2 protein chains.
Amino acid sequence: MATYRGKRKTPQRDAVRDAIAAAGRPLSAEEILAKARKEVPALGLATVYRHLRYLLDRKQVVTVEISGSTPRFEPAQLAHHHHFHCRECDRVYEIAECPFHGQPHAPPGFRVENHEVTLTGICERCARQVPGSRSS
Amino acid sequence: MATYRGKRKTPQRDAVRDAIAAAGRPLSAEEILAKARKEVPALGLATVYRHLRYLLDRKQVVTVEISGSTPRFEPAQLAHHHHFHCRECDRVYEIAECPFHGQPHAPPGFRVENHEVTLTGICERCARQVPGSRSS
DNA sequence: ATACTTGCAAAACATTTGCAGTGAG
DNA sequence: CTCACTGCAAATGTTTTGCAAGTAT
């Protein structure tokens, strides 16, 4: 396979990178495709994934896993933060606070390199609404 | 489709339930299949998924989502704990310690109902091995 | 020109469902 | 006997790869 090497500057690359950077929230692959197609209409989903993998390898983008949904992607250089997942509207929010001060604890011999915290519940927006009413 | 209803006691059901209960760590569907096949060799993966869905619906089992890997399943009635994901062998371990003392912080108006903490790194077992080697 | 990138289609995976045969009650 | 449950294969839905054509340098 002609592996993606990132040696050239192309409109597709910029479109994918910009889509992720411009959104104020983590996007799914399909959402990135939709946004990037405003710049490059012929863009294919495979190309989005290729750039995604490249950006993940270079640690310019990180994956945000959401229970029961497809992965989302966000810029990696954001300040350290965690996520809040609203079970009502399915939105994911950034949470600035980190419960760890220093390295998280693990059993003897385990080397901790990273940590992820996800809070689940009802977001401020949904908390104000009548249960059962519409959302978006 | 003949939906699974849980009305009958079968060896397959016991094998799946026991595999999850006996493992001291969350198992993937394939891991459950492998373990349960020691009891029921002809067991099919589809049946594992059917029982999994049933057990999840009944809240006897919970899903543990891991970034960059397939979901794992563990008994629902375990004491509060978190997880460690080894990036080398892909195993998931239980971590007893919780960084939160009291309710986690969230922006005003947000109602936190649950939280999840996942540490990533190298497990004790893999840390002892030559880098690049494999196990399971 | 060279060889990296792209889009499309097909392949890979993980999970779900259709079906007809099996077996629990 | 019934009909829930099972295994297999086919269907889904998502992500990856092969390839020939397009293009940045």
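All of these numbers come straight from a predicted model, not from anything done at the bench. Chain identifiers are assigned alphabetically (A, B, ...) following the order of the sequence lines, protein sequences preceding nucleic acid strands; residue numbering begins at 1 within each chain. When reading the values below, keep in mind they use all heavy atoms of this one structure, side chains included, and skip hydrogens, waters and symmetry mates.
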With 3.5 Å as the limit, what N/O pairs link the protein to nucleotides 7-14 of chain C?
| residue | atom | partner | partner atom | Å |
| --- | --- | --- | --- | --- |
| C:dG7 | OP1 | A:Q12 | NE2 | 3.4 |
| C:dG7 | OP1 | A:A42 | O | 3.3 |
| C:dG7 | OP1 | A:L43 | N | 3.4 |
| C:dG7 | OP2 | A:G44 | N | 3.3 |
| C:dG7 | OP2 | A:T47 | OG1 | 2.4 |
| C:dG7 | N7 | A:R50 | NH2 | 2.7 |
| C:dG7 | O6 | A:R50 | NH1 | 3.4 |
| C:dG7 | O6 | A:R50 | NH2 | 3.3 |

Measure the distance from [atom1] on [X] to [atom2] on [N] and round it to the nearest whole Å.
{"X": "A:Y4", "N": "D:dG18", "atom1": "OH", "atom2": "C1'", "value": "19 Å"}
{"X": "A:K9", "N": "D:dA24", "atom1": "NZ", "atom2": "C1'", "value": "11 Å"}
{"X": "B:L52", "N": "D:dT6", "atom1": "CG", "atom2": "P", "value": "13 Å"}
{"X": "A:I66", "N": "D:dT14", "atom1": "CD1", "atom2": "P", "value": "14 Å"}
{"X": "A:H51", "N": "C:dT6", "atom1": "NE2", "atom2": "C1'", "value": "8 Å"}
{"X": "B:L55", "N": "D:dC5", "atom1": "CG", "atom2": "P", "value": "13 Å"}
{"X": "A:R5", "N": "C:dT5", "atom1": "CZ", "atom2": "P", "value": "7 Å"}
{"X": "A:Y54", "N": "C:dT5", "atom1": "OH", "atom2": "P", "value": "8 Å"}

Ion pair present between B:E31 and B:K35, side-chain N to carboxylate O less than 4.0 angstrom?
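Between B:K35 and B:E31 there is no salt bridge, as every charged N stays at least 4.0 Å from the carboxylate O atoms.
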Less than 4.0 angstrom from a charged side-chain N to a carboxylate O is my criterion; do B:R72 and B:D90 meet it?
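Here B:R72 pairs with B:D90 in a salt bridge, since their nearest N and O are under 4.0 Å apart.
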Contact under 4.0 Å: B:T10 side-chain N or O vs D:dT6 OP1/OP2:
yes
Side-chain N,O (B:R53) to OP1/OP2 (C:dT17) below 4.0 Å
yes
How far apart are the C-alpha atoms of A:F73 and A:T63, what are their side-chain angles, what is the distance that settles it, and do they pass the side-chain contact (heavy atoms from CB on, under 4.5 Å) test?
CA-CA 5 Å; A:F73 305 88; A:T63 303; 3.7 Å; yes
Could you tell me whether B:H80 and B:H115 have their ring centroids closer than 6.0 angstrom?
yes
Ring-ring centroid check A:Y4 A:H51, cutoff 6.0 Å
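Close enough - the centres of the two rings lie under 6.0 Å apart.
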NZ or CZ of A:R17 within 45° of A:Y54 ring axis and under 6.0 Å:
no
Give a yes or no on whether a donor-acceptor pair under 3.5 Å exists between the nucleobase atoms of D:dA4, that is its base, and the side chain of B:R8.
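Yes, the side chain and the base share a sub-3.5 Å donor-acceptor pair.
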Polar side-chain atom of A:H82 near backbone of A:V117 as donor-acceptor pair, under 3.5 Å
yes
